[in-house]
Amino acid sequence: MAMAALRREGRRFAPLISPRPITAVRSSPLYPTLEDEGPLGLRHISTQVVRNRMKSVKNIQKITKAMKMVAASKLRAIQTKTENSRGLWQPFTALLGDLPSADVKKNVVVTISSDKGLCGGINSTSVKISKGLHKLNSATGPEKETKYVILGEKAKAQLVRDSKKDIELIITELQKNPLNYTQVSVLADEILKNVEYDALRIVFNKFQSVVSFVPTVSTVLSPEIVEREAESGGKLGDLDSYEVEGGETKGEILQNLAEFQFSCTMFNAVLENACSEQGARMSAMDSSSRNAGDMLDRLTLTYNRTRQASITTELIEIISGASALEG
Amino acid sequence: MTLNLCILTPNRILWDSEVKEIILSTNSRKIGVFSNHAPIAATIDIGILRIRLNDQWLTMALMGGFAKIDNNEITILVNDAEKGSDIDPQEAHQALEIAEANLRKAEGKRQTIEANLALRQARTRVEAINAIS
């Protein structure tokens with residue numbers, strides 16, 4: 001209607017006659033300035049800019065909400081698998097013990113991380129712990145060495161920067177196909193073949209609940225170290241009380257056992273990390289969409305104020321124009 | 001004196017309850033386990049496990065792993081396991097035939113080894129079905 005046409009025209013004439021519209025926009029620290037100063041030093045706020053911003057924030061909100069739901073459904077699928085695999089490594093710990101304090105020369109730290117980002121802080125915590133283990137081991141003696149085996153893009157990006165010479169093996173794109181035991185046992189085999197080790201420390205995020213992920217280290221000792229510890233007594237001392245069946249020598253059986261233990265622990269660790277990744281992504285996307293919602297509310301208020309200000313401006317122009325004509 | 005048996009695979013827990021006796025086939029020989037057995041750590045080959053509950057025998061096909069026996073607790077960790085009653089006889093026989101055909105066709109060391117392995121697994125499954133009846 002006429003008002004709308006005038007409003008459109010008014011945008012061109014506004015700088016000529018208008019008192020300063022009352023807005024609180026300038027005081028808000030969140031936005032870059034939405035106004036430009038006209039030739040007479042008057043503020044001219046564009047609703048177009050605010051509207052564009054609102055559209056993009058709304059899109060972000062929709063996308064993050066969808067990502068949260070996708071992560072939730074993936075989490076459900078993986079969670080059952082993880083719980084089923086938990087029972088597998090417990091007998092090993094009961095038989096061979098989990099000795100993080102074993103004193104060994106060659107440590108290998110297997111860091112498990114995700115390939116994709118937007119999953120909160122879980123990858124940084126894993127990397128921090130791996131670096132901490134490295135430092136701990138190098139601090140206790142000069143002949144101790146620590147090597148890395150990295151699973152996942154995110155840890156690779158962070159560790160390649162400062163520990164490039166210590167990295168033995170990098171494996172990415174683990175989750176292209178759904179995780180299963182055969183794939184992980186092949187992986188474990190590769191690692192065992194290519195890396196010399198006395199103790200393998202697997203660093204991953206254990207999935208306690210949808211909001212809590214605990215970084216954990218599982219230790220798998222090589223058979224020679226197991227023998228050594230068994231002789232010195234303690235938890236592993238009971239190992240000798242077991243009579244060994246299976247035809248071959250005790251050493252060979254221990255070797256097989258250690259390999260099996262490694263692949264079972266790896267399987268569990270990879271599953272738990274995948275669960276934690278999905279859970280962390282869920283909560284990150286959730287807070288992101290909530291922030292987007294808040295931002296949208298604030299922008300709507302700004303938009304309304306801007307709109308009312310420009311209407312007031314035009315009204316004033318028209319009225320002053322009309323009164324000038326009259327008299 | 002009850003014997004508790006626990007069979008675990010990477011994908012799920014297959015069995016977790018009491019039994020009277022089991023017959024396990026390890027890499028060297030078959031051993032029978034009653035309650036109050038001496039502690040043993042054994043490697044298990046691809047073969048069948050027979051379980052007795054109160055005069056009734058059950059069979060399971062195991063695909064290799066480890067067993068730990070102590071204090072009337074048997075823990076068996078295997079790569080895969082199937083209850084004899086869960087295996088479809090038709091399908092198992094077919095799998096056996098396919099495995100035998102593959103073994104004849106196999107060329108090269110790796111394929112032969114894989115074909116052999118598949119054959120043993122298929123044979124175990126067929127045995128598991130036959131052993132019940």
Side-chain angles (χ1 to χ4, degrees), chain A residues 78 80-96 178-189 223 226 230 236-272, chain B residues 3-17 22-34 36-47 49 62-83 110 113-114 117-118 120-121:
Chain A
I78 275 200
T80 31
K81 265 186 165 180
T82 309
E83 274 159 24
N84 286 337
S85 81
R86 272 194 192 144
L88 199 64
W89 56 267
Q90 277 154 4
F92 285 111
T93 320
L95 181 65
L96 296 172
L179 292 167
N180 61 0
Y181 181 65
T182 343
Q183 178 193 31
V184 177
S185 63
V186 168
L187 198 65
D189 214 20
V226 171
L236 283 183
D238 297 334
L239 192 59
D240 282 332
S241 66
Y242 283 84
E243 197 187 302
V244 172
E245 268 294 333
E248 300 113 26
T249 63
K250 182 170 181 188
E252 209 169 323
I253 294 200
L254 268 186
Q255 169 97 344
N256 280 338
L257 197 61
E259 288 176 9
F260 196 38
Q261 179 189 15
F262 182 49
S263 71
C264 286
T265 331
M266 271 286 277
F267 184 56
N268 184 55
V270 169
L271 279 178
E272 299 258 0
Chain B
L3 197 52
N4 203 19
L5 173 65
C6 203
I7 304 186
L8 303 164
T9 68
N11 295 325
R12 56 193 176 125
I13 302 180
L14 217 63
W15 186 286
D16 189 8
S17 69
I22 68 166
I23 300 187
L24 193 56
S25 51
T26 66
N27 275 332
S28 51
R29 55 194 172 117
K30 281 191 168 26
I31 57 176
V33 181
F34 289 89
N36 287 333
H37 201 280
I40 272 198
T43 51
I44 308 179
D45 207 7
I46 301 178
L49 166 77
L62 301 175
M63 306 297 170
F66 282 92
K68 171 172 92 97
I69 305 172
D70 70 337
N71 259 350
N72 283 332
E73 288 268 342
I74 310 178
T75 318
I76 300 188
L77 297 164
V78 280
N79 288 325
D80 201 5
E82 278 177 274
K83 273 205 193 126
R110 181 187 164 139
I113 298 180
E114 286 178 358
L117 204 63
R120 286 167 72 198
Q121 285 176 347

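In the text below, chain A, chain B and the rest are named by the order of the sequence lines, each starting its count at 1.
Here CG of A:Leu88 is found 11.0 Å from OG1 of B:Thr75. Values are rounded to the nearest 0.5 Å. Note that the CZ atom of A:Arg86 and the CD1 atom of B:Ile13 stand 11.5 Å from one another [nearest 0.5 Å]. Interatomic distance, SG of A:Cys264 versus CG of B:Leu8, reported as 9.0 Å (0.5 Å rounding).
Inter-residue side-chain proximity for A:Tyr181 and B:Thr9 is flagged as unmet; no heavy-atom pair is nearer than 4.5 Å. At a threshold of 4.5 Å between non-hydrogen side-chain atoms, the residues A:Asn84 and B:Asn11 do not count as touching.
Proximity to chain A is absent for every atom of B:Ile44, based on heavy atoms less than 4.5 angstrom apart.
Closest approach of A:Phe260 and B:Leu77 over heavy atoms only: CE2-O, 3.6 Å.
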